[in-house]
Amino acid sequence: MIIAPNHTQRPRGDGGAPRRGVIILPNGFTLASLFFGIFAIVAASRSEFDTAGLYVVFGGLCDALDGRVARATGTGSRFGSELDSLVDAITFGLAPAMIMYFAVLNRNGWDWMFSFIFTACAVIRLARFNVEQAGRAKKYFHGLPSPAAGMTLATYYWFSQTSLYNQTILGDLNWTTGLRGIMLVLAFLMISNVSYPAVPTVGFRKISEILGTLAVIATFIGVLFLRKEFYFPALICYVLYGLAKTVIFGLIDRRPRGDSPVIDDEEPLLLAGAGVVEEPIGDVARQRHRRRRRRRPPGSGESPRGPSYPPPGNPGGGTT
């Protein structure tokens, strides 16, 4: 019996839409980040703060992978971007705040307000990110990224169990009060316009690329051999670096080149001209397009409407 070919099925090698398994993959990493965020809250409620911090770090790894997998497979979507922000609000907003509450803040009646403020600022920061920066290439983040802020709080307990903390002057500090201040500072930085660099560029052609390469190498060494001693100080240095760089550039009246602090109504038109996004269809876009066509000289490639006459006083049509 001869079976007619099914033309509704796409062969694997064609250039059509990606298979469903490839589309689910980046969202699977996003949901894995949510799983670790919920697990971190459960572990903190059981006073397992070491394990809770580890789960938040695992959530950070999944959060770093989902975007890269989506770009590598060409499966990025608005749905994935929104899902990622909702998950980040839990994994890097609520979970670290609850770890701090169960570990430090559950001694007085109103200390839970610090957890609320931190979580609220993380949610605001993620909502602003969706409006300003989601879905486009960036060199800088506007405000402290929520994964960096969340992992800073989540890895404090690791650092408090090391000899670098207990056998130095750091152990004599009043961290019960200091952590409240750190939570407020991190919360403010998330909703501020302080610029924080994105993933460092690796290379050897420029000084910035060399510094980025050294930072990546140092990060791998610290994660592999000095996990508990490395994470919290390194994240504090990242927080202070962005703050100091923005303050210094502000004093000398410069801004980090790259992304603008707030995207205005003209930004989509500028991005469309650069080929980053499609130009919006609307009255403003049409009016600007008409103005550009009116200002375009006759010799720019399109023939002018109607016959062309030489200017008066110059019958030959040449230049004077």
- Just do the side-chain hydrogen bond (donor to acceptor under 3.5 Å, both in side chains) check on S146 and D88 with the steps written out, would you? CA-CA 7 Å; S146 58; D88 287 356; 4.6 Å; no
Which atom names give the shortest non-hydrogen contact between [X] and [Y], and what distance separates them?
{"X": "V123", "Y": "A89", "answer": "CG2-CB, 4.1 Å"}
{"X": "G80", "Y": "N27", "answer": "CA-OD1, 3.8 Å"}
{"X": "A95", "Y": "G37", "answer": "CB-O, 3.6 Å"}
{"X": "G53", "Y": "W158", "answer": "C-CZ2, 3.6 Å"}
{"X": "S33", "Y": "G59", "answer": "OG-O, 3.2 Å"}
{"X": "L235", "Y": "T152", "answer": "CB-OG1, 3.3 Å"}

Shared hydrophobic cluster for [X] and [Y] (ILVMFWY, side-chain gaps under 4.5 Å):
{"X": "M183", "Y": "I117", "answer": "yes"}
{"X": "L144", "Y": "F114", "answer": "yes"}
{"X": "F188", "Y": "F116", "answer": "yes"}
{"X": "V194", "Y": "I124", "answer": "no"}
{"X": "F92", "Y": "I41", "answer": "yes"}

- Between F129 and F141, how do the two ring planes meet: parallel, tilted or perpendicular, split at 30° and 60°?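 Correct class here is tilted.
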- Between F232 and W175, how do the two ring planes meet: parallel, tilted or perpendicular, split at 30° and 60°? perpendicular
Rounded at 0.5 Å granularity, tell me how far [atom1] in [X] sits from [atom2] in [Y].
{"X": "T119", "Y": "I90", "atom1": "OG1", "atom2": "CD1", "value": "10.5 Å"}
{"X": "L86", "Y": "S81", "atom1": "CG", "atom2": "OG", "value": "9.5 Å"}
{"X": "S195", "Y": "N193", "atom1": "OG", "atom2": "CG", "value": "7.5 Å"}
{"X": "D111", "Y": "L105", "atom1": "CG", "atom2": "CG", "value": "5.5 Å"}
{"X": "F35", "Y": "Y55", "atom1": "CZ", "atom2": "OH", "value": "7.5 Å"}
{"X": "T155", "Y": "E229", "atom1": "OG1", "atom2": "CD", "value": "12.0 Å"}

- Item | Short side-chain to backbone donor-acceptor contact, S115 and M98, under 3.5 Å |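 No.
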- For the side chain of S85 and the backbone of E82, is there at least one donor-acceptor N/O pair under 3.5 Å apart? no
- Task: Apply side chain to side chain contact (heavy atoms under 4.5 Å, CB included) to M151 and Y238, showing your working.
- Result: CA-CA 12 Å; M151 287 192 291; Y238 177 75; over 6 Å; no
- Message: Working note: L186 + I182, criterion side chain to side chain contact (heavy atoms under 4.5 Å, CB included); need CA distance, chi angles, decisive distance, verdict.
- Response: CA-CA 6 Å; L186 294 176; I182 290 177; 3.8 Å; yes
- Mind running side chain to side chain contact (heavy atoms under 4.5 Å, CB included) on F118 and M190 for me, showing each step along the way? CA-CA 9 Å; F118 182 86; M190 280 193 288; 3.8 Å; yes
- Task: Please say whether more than 12 non-hydrogen atoms of neighbouring residues, nucleotides or ligands are located less than 6.0 Å from CZ in F39.
- Result: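 Not more than 12 within 6.0 Å, no.
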- Can you establish whether the number of heavy atoms outside I169 located under 6.0 Å from its atom CD1 is more than 12? no
- Item | Student check: side-chain heavy atoms of D50 and Q161 closer than 4.5 Å | no
- Message: Is the shortest side-chain heavy-atom distance between Y156 and I99 below 4.5 Å?
- Response: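 They are not in side-chain contact.
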- side chain to side chain contact (heavy atoms under 4.5 Å, CB included) assessment of V239 paired with Y196: CA-CA 8 Å; V239 172; Y196 281 90; 3.8 Å; yes
